Student: 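I have a structure here, written as structure tokens, and I will follow up with some questions on it.
Chain letters run A, B, ... following the sequence lines, proteins first and then strands; every chain starts at 1. Remember, predicted model here, so these are calculated numbers, not experimental data.
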Amino acid sequence: MSELPKQYDPKQVEGKIYQQWLDGGYFHAQRDPDKKPFTIVIPPPNVTGQLHLGHAVDETIQDVLIRYKRMKGYAALWLPGCDHAGIATQIKVEENLRVNEGLTRFDLGREKFLDRVWDWKNKYGDRIVQQLKTLGSSCDWDRQRFTMDEGCSKAVREVFCSLYEKGLIYKGKRIINWCPHCTTALSDAEVEYEEKPGHLWHLRYPLADGSGDVIVATTRPETMLGDTGVAVNPNDERYKDIVGKTCILPLVGREMPIVADEYVDMAFGTGCVKMTPCHDPNDFEVGLRHNLEQILVIDDNGCIINGGKYNGMDRYEARKAILADLEEQGYLVKVEEHVHNVGTCYRCHSDVEPLASDQWFVKMEPLAKEAIRVVEDGTIKFVPDRFAKTYLNWMHNVRDWCISRQLWWGHQIPAWYCADCGHVTVSREDACQCEKCGSKNITRDPDVLDTWFSSALWPFSTLGWPDKTEDLEYFYPTDVLVTGYDIIFFWVARMIFSGMEHMKKEPFKTVLIHGLVRDPHGKKMSKSAGNGVDPIEVIDQYGADALRFNLITGNSPGNDMRFYVERCEAMRNFANKLWNAARYVMMNLTVRENELPPELKLEDKWILSKLQSLIAEVNENFDKYELGLAATKIYDFIWDSFCDWYIEITKPRLRAGDESAQRVLLYVLTDVLRLLHPFMPFITEEIYGAIPHSGKALIVETYPEFDQALSFPQEEADFELVMEAVKAVRSRRAEMNVPPSKRPHITLVTEKTDVFRAGTVYMSDLAFAGAVNVTAQAPADTAGMVTVVTSQAKLYMPLAELVDLAKERERIAKELARAEQDIANQQRKLANESFVSRAPERVVSAERDKLAKAQALAENLRASLANLG
RNA sequence: GGAGGCUUAGCUCAGCAGGUUAGAGCGCAUGCUUCACACGCAUGAGGUCGCGCGUUCGAGUCGCGCAGUCUCCACCA
């Protein structure tokens with residue numbers, strides 16, 4: 001086996017191993033009545049997108065969970081797929097069209113444009129899938145889905161029609177958020193608010209009867225063109241007498257009513273509010289209550305309409321012109337600085353324009369009820385659970401969901417309008433005639449549905465719904481949904497109410513939330529900032545295992561993490577450490593069967609016992625989704641316990657040709673590979689293939705379970721005493737600058753001679769000393785010898801010539817003082833009755849042990865001191 | 001205006017059913033071509049666990065308050 005290279009090279013391994021897994025069909029989840037299902041659906045990445053670190057964390061977590069459950073014997077299904085990503089994809093294709101051919105989508109027409117998008121999808125749709133594979137994702141690629149494939153489209157159609165029939169989808173004129181750049185409506189969730197400095201302009205509107213005027217304040221003066229009234233609070237004494245009067249809109253000349261409405265806050269501004277029903281949601285409501293006229297003054301492109309001389313101007317251009325005119329004509333009373341939140345489009349970050357528009361909505365209140373219930377009663381659990389609060393808060397205040405988008409790429413709304421009778425036909429099959437009057441003079445609604453409308457169905461549409469498939473029966477509800485906190489509202493919330501409504505069953509039991517990956521300065525990674533890190537490049541340099549381990553360890557659930565390439569280096573080093581440990585074990589292997597020897601030595605019991613604790617803890621961590629903790633513990637075990645101690649300790653035995661040591665090494669190594677596999681699948685599989693093994697592949701091996709028969713607490717503690725002695729000798733030697741070449745024989749005096757004798761062989765090796773003689777009796781002549789004292793032993797080293805006696809005395813005195821301090825502390829603690837009676841037994845006995853140790857140590861030190869004279 | 005997170009070693013972060021001497025990686029210092037690994041080994045320096053009060057026999061760990069910082073939700077024209 002010595003042909004293995006000294007350094008582990010992921011590039012030589014990862015592609016090959018992934019292909020082996022594919023060839024073995026290990027990713028494919030077989031329905032099996034004898035197994036329990038475990039299902040995760042992937043948060044579908046944008047079909048033409050590229051893998052970024054955000055995906056990388058998300059996918060790694062899912063892959064770790066799926067691999068763990070697969071090894072645990074579940075029928076583990078990780079269902080992959082992509083999202084058509086309406087706005088994002090359409091914008092990209094349009095941009096491409098504009099740059100390369102100077103065309104708009106309207107130049108091509110709907111059908112041809114959609115052909116182009118499909119071309120684009122087919123060209124780039126595979127890229128992200130390939131990238132997921134380089135990460136090691138063990139998705140069931142046979143079940144790969146796309147939100148616009150036939151099945152998902154059928155599900156979307158079914159849901160739309162069914163909700164429409166129940167009256168939960170309606171079309172209506174509301175104030176919606178309009179992006180003039182993307183020229184489409186947006187849902188509330190798609191608007192991001194940014195604080196921007198602005199102004200508060202105070203305008204004077206003269207009363208029609210000439211008896212005075214009202215002063216209104218606005219942050220968006222251009223909307224005044226659409227004003228159709230002024231509102232005051234009914235309890236406002238200042239304005240009691242003008243309610244019912246009319247005023248004249250400057251520049252336009254329109255006569256408008258002054259109405260009283262509770263909505264107006266008397267304390268803000270002047271207490272008079274201009275009403276623009278078509279461009280402000282509150283004004284819209286007030287307008288409905290008081291029958292105010294609705295005049296739309298900003299069009300789909302953000303330009304003025306119905307605004308006389310300002311028609312055609314861009315909204316911000318119009319603002320300037322209008323302000324200039326108002327000022328010139330004496331209507332501008334004053335201007336204040338005013339910071340306010342401006343809504344922007346989450347895709348293009350243009351300022352969103354609120355405007356009245358005919359759109360399709362999902363009525364949320366009835367749907368929210370169940371969605372709230374299942375989280376409140378714990379049917380669905382959030383991890384960490386603080387995100388349940390976030391979710392519930394949103395769900396409690398949710399407003400109707402605007403689902404129509406003025407795009408072409410997506411699921412076209414299945415509604416047909418009759419030109420003759422005006423009836424709307426909503427149908428599962430494409431309609432040829434009006435269902436009411438039979439007229440063939442019908443046209444289909446050109447709009448498509450919000451992308452999230454189809455993602456909302458993902459946990460069941462991908463399993464075959466609305467058909468009653470065996471997959472759906474077996475794998476639904478899914479188990480864990482893994483995602484970042486940034487899409488709880490977009491996606492998680494909508495899957496929950498959709499699942500409850502259409503399946504009558506929660507879509508998943510646990511929502512595992514992770515944070516965002518940020519750059520080293522804590523900033524969000526973005527293309528525009530140029531601080532993004534390409535995971536593919538990281539994999540190329542350090543390997544997928546290193547990247548995965550970096551992303552899994554070192555941060556707590558739900559918290560953001562900063563990405564440091566240096567950490568990948570550390571993880572790469574860890575992989576290399578494991579590689580070399582395995583290489584060493586193999587180089588010394590003469591046995592072929594992986595079985596523990598009948599007789600175990602002290603150190604064997606120690607490592608096996610440590611291993612059992614590790615196994616127990618890791619399994620527990622998994623159950624609590626503490627993946628980072630589990631990974632860290634495995635890391636520590638491999639590096640510290642296994643490599644730095646056990647391998648070193650067994651070297652003399654291996655040299656002597658001891659087979660039992662080989663067997664224990666192989667046993668522990670194998671378990672460690674199984675433990676680590678979900679986190680570092682490639683290197684563990686590669687090593688597994690090279691050592692004696694019985695299974696087909698590590699990926700389908702069983703995950704280690706705690707084995708009581710291999711837990712040896714007493715031997716574990718005993719061996720720690722030996723370690724203590726070794727460390728003490730090393731420390732002392734370093735302190736005295738003893739050259740490594742100097743290998744004095746050591747006399748170790750202890751009452752626990754059995755324990756220490758078991759350790760002499762490797763003690764002499766580890767501490768770079770000569771032979772170790774373990775005895776219960778102190779040597780007769782120890783004068784001038786260097787002594788090293790531990791709680792259970794006293795070691796004599798003939799290195800007196802290196803020691804300044806005075807210094808030595810000083811050092812021991814210092815140690816003694818510390819020990820005595822410890823004794824005093826412990827005695828005080830144990831003298832406290834409350835402590836002894838109230839603290840748990842394990843704690844009290846730990847304190848007693850500590851006291852005993854300190855006392856023993858002090859005694860040894862005193863003897864040493866006396867010995868020095 | 002509400003809600004929540006974070007504050008632990010020079011840096012980035014773990015930690016907690018309250019209970020040995022608070023950990024890791026990187027960095028730093030010293031010594032090692034020890035026959036798995038210098039992507040390594042050994043030894044070591046470095047921490048009033050943001051501040052204050054409280055609960056407790058005992059508090060980085062629980063409660064309250066304060067400060068700094070970040071985020072989300074809502075939004076008054």
Side-chain angles (χ1 to χ4, degrees), chain A residues 2 4 6-8 188 193 200-201 216-220 223 231 263-265 267-276 280-283 338 340-341 384 386-387 389-390 393-394 397 485-486 488-489 515-516 520 522 542 546 550 553-556 558-564 566-567 569-588 628-629 632 635-636 639-640 643-644 647-648 651 655 727 730-735 737-740 765-768 818 822 826 829 832-840 842-851 853:
Chain A
S2 52
L4 284 176
K6 272 185 166 188
Q7 283 194 357
Y8 171 65
D188 294 338
Y193 287 90
L200 195 57
W201 286 278
V216 296
T218 180
T219 53
R220 297 189 304 150
T223 62
Y263 153 72
V264 179
D265 178 356
F268 189 88
T270 59
C272 297
V273 190
K274 63 194 261 313
M275 288 293 119
T276 322
D280 182 283
N282 293 308
D283 294 8
H338 184 74
H340 61 146
N341 275 340
R386 67 184 132 97
F387 290 105
K389 243 183 263 173
T390 313
N393 183 44
W394 188 80
N397 300 299
Y485 58 73
D486 51 332
I488 292 177
F489 306 138
L516 269 38
Y542 300 102
N550 184 0
T553 56
N555 77 314
S556 48
N559 285 359
D560 291 352
M561 66 181 300
R562 299 186 191 199
F563 187 83
Y564 286 87
E566 302 85 76
R567 259 180 65 85
E569 203 171 302
M571 298 310 146
R572 189 257 338 249
N573 293 352
F574 170 60
N576 195 55
K577 186 77 181 171
L578 174 66
W579 178 254
N580 277 290
R583 200 163 67 93
Y584 169 78
V585 172
M586 284 185 271
M587 277 172 10
N588 288 286
L629 271 182
T632 306
Y635 176 103
D636 289 342
W639 204 308
D640 297 341
C643 292
D644 287 348
I647 285 185
E648 292 305 325
K651 275 180 179 170
R655 270 185 235 128
K727 282 187 206 165
R730 281 175 178 166
S731 175
R732 199 71 182 81
R733 287 177 60 103
E735 201 180 309
N737 286 318
V738 180
D765 219 62
L766 288 180
F768 299 117
R818 206 169 354 165
D822 282 352
Q826 290 314 109
K829 228 176 206 176
N832 184 336
E833 260 177 57
S834 313
F835 169 70
V836 177
S837 60
R838 292 191 203 191
R842 69 186 168 80
V843 174
V844 178
S845 71
E847 297 294 341
R848 286 209 185 91
D849 283 358
K850 198 180 159 192
L851 175 62
K853 267 192 178 179

Student: By nearest atom, which of the nucleotides B/A36, B/G4, B/U43 is closest to the A/Arg583 side chain?
Tutor: B/A36
Student: Which one, B/C75, B/G25, B/A42, comes nearest to the side chain of A/Asn341?
Tutor: B/C75
Student: Whole-Å distance between B/U30 C1' and A/Arg733 CZ?
Tutor: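 About 15 Å, once rounded to whole Å.
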Student: At 4.0 Å (heavy atoms only), tell me whether A/Tyr635 reaches a base, stays on the sugar-phosphate, or touches nothing.
Tutor: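 Since only primed, P, OP1 and OP2 atoms lie under 4.0 Å of A/Tyr635, the category is sugar-phosphate.
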Student: Can you measure A/Arg732 atom CZ to B/G31 atom P for me and round it to whole angstrom units?
Tutor: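 Interatomic distance, CZ of A/Arg732 to P of B/G31: 19 Å.
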Student: If only side-chain N and O atoms of A/Asn573 are considered, is one of them under 4.0 Å from the OP1 or OP2 phosphate oxygen of B/G40?
Tutor: yes
Student: For A/Ala581, which contact category applies under a 4.0 Å heavy-atom criterion: base, sugar-phosphate, or nothing?
Tutor: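 Base contact.
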Student: Of the listed nucleotides (B/A77, B/C13, B/U43), which one gets closest to any side-chain atom of A/Arg562?
Tutor: B/C13
Student: Base, sugar-phosphate, or nothing: which does A/Phe574 touch, judged by heavy atoms less than 4.0 Å apart?
Tutor: nothing
Student: Considering only side-chain heavy atoms of A/Tyr193, which listed nucleotide, B/G40, B/C75, B/U43, is closest?
Tutor: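 When the side chain of A/Tyr193 is considered, B/C75 is the closest of B/G40, B/C75, B/U43.
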Student: Sticking with atom P, work out how far B/A77 lies from B/C64, rounded to a whole angstrom.
Tutor: 33 Å
Student: Considering every strand and a 4.0 Å limit on heavy-atom distances, what is the contact class for A/Leu629: base, sugar-phosphate, or nothing?
Tutor: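 Sugar-phosphate: the residue A/Leu629, judged by heavy atoms under 4.0 Å, touches backbone atoms but no base.
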Student: Distance between the C1' atoms of B/C26 and B/G46, in whole angstroms?
Tutor: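 Between the two C1' atoms, the distance is 14 Å.
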Student: As a test of reading the structure: which of B/C13, B/A42, B/C76 is closest to the side chain of A/Asp644, going by heavy atoms?
Tutor: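 Nearest to the side-chain atoms of A/Asp644, counting from C-beta on, is B/A42.
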Student: Does B/C41 have OP1 or OP2 sitting under 4.0 Å from an N or O in the side chain of A/Trp639?
Tutor: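 For B/C41, OP1/OP2 do have a side-chain N/O of A/Trp639 under 4.0 Å.
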Student: For A/Asn282, report the nucleic acid contact type (base, sugar-phosphate, nothing); a contact means any heavy atom under 4.0 Å.
Tutor: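 Since only primed, P, OP1 and OP2 atoms lie under 4.0 Å of A/Asn282, the category is sugar-phosphate.
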Student: Which nucleotides of nucleotides 60-65 of chain B have their base under 4.0 Å from a protein heavy atom (B), which only their sugar-phosphate (S), and which neither (-), written as one string 5' to 3'?
Tutor: ------
Student: Could you tell me whether a side-chain N or O of A/Asn580 sits under 3.5 Å from a main-chain N or O of A/Asn576, the two making a donor and an acceptor?
Tutor: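 At least one qualifying donor-acceptor pair exists.
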Student: Among B/A36, B/G4, B/C13, which nucleotide has an atom closest to any side-chain atom of A/Tyr584?
Tutor: B/A36
Student: Just checking A/Thr632: base, sugar-phosphate only, or nothing, at a heavy-atom cut-off of under 4.0 Å?
Tutor: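 The answer is nothing, as A/Thr632 stays clear of every strand by at least 4.0 Å.
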Student: Picking from B/C37, B/A77, B/G25, which would you name as closest to the side chain of A/His338?
Tutor: B/A77
Student: Return the value, rounded to whole Å, for the distance between atom CG of A/Asp640 and atom P of B/G23.
Tutor: 13 Å
Student: Describe the nucleic acid contact of A/Asn555 in one word from base, sugar-phosphate, nothing, applying a heavy-atom distance below 4.0 Å.
Tutor: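 Touches sugar-phosphate only.
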Student: Ignoring hydrogens and angles, are the base of B/A42 and the side chain of A/Glu648 linked by a donor-acceptor pair under 3.5 Å?
Tutor: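 For A/Glu648, whose side chain was compared with the base of B/A42, there is no donor-acceptor pair (under 3.5 Å).
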Student: Does A/Ser731 place a side-chain N or O at less than 4.0 Å from the phosphate oxygens OP1/OP2 of B/G44?
Tutor: yes
Student: For B/A14 and A/Ser556 - does any side-chain N or O of the residue sit under 4.0 Å from the phosphate oxygens OP1/OP2?
Tutor: yes
Student: Is the cationic atom of A/Lys577 (NZ for Lys, CZ for Arg) positioned less than 6.0 Å from the six-membered ring centroid of A/Tyr635 and within 45 degrees of its normal?
Tutor: no
Student: Write down the distance separating the C1' atoms in B/C16 and B/U34, rounded off to the nearest Å.
Tutor: 40 Å
Student: At less than 4.0 Å, is any side-chain N or O atom of A/Lys389 found next to OP1 or OP2 of B/C73? Yes or no.
Tutor: no
Student: Roughly how far, to the nearest 0.5 Å, is the CG atom of A/Leu200 from the NE2 atom of A/His340?
Tutor: 9.0 Å
Student: For the side chain of A/His340, starting at C-beta, report the closest nucleotide among B/A77, B/G40, B/A14.
Tutor: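 Selected nucleotide (nearest to the side chain): B/A77.
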Student: Using a 4.0 Å heavy-atom cut-off across all strands, classify A/Lys6 as base, sugar-phosphate, or nothing.
Tutor: sugar-phosphate
Student: What about A/Asn576: does its side chain form a donor-acceptor pair under 3.5 Å with the base of B/C37?
Tutor: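 No.
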Student: Give one of base, sugar-phosphate or nothing for A/Asn737, where a contact means two heavy atoms less than 4.0 Å apart.
Tutor: nothing
Student: Starting at the 5' end of RNA chain B, what dot-bracket string do you get if Watson-Crick and G-U pairs under 3.5 Å are bracketed, crossing pairs use [ ], other-strand pairs use | and unpaired bases use dots?
Tutor: (((((((..((((.....[...)))).(((((.......))))).....(((((..]....))))))))))))....
Student: Among B/A36, B/C76, B/C73, find the nucleotide with the atom closest to the side chain of A/Asn393.
Tutor: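 Output: B/C73.
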Student: Does A/Arg567 make a side-chain N or O approach to OP1 or OP2 of B/G25 shorter than 4.0 Å?
Tutor: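 No, no such contact exists.
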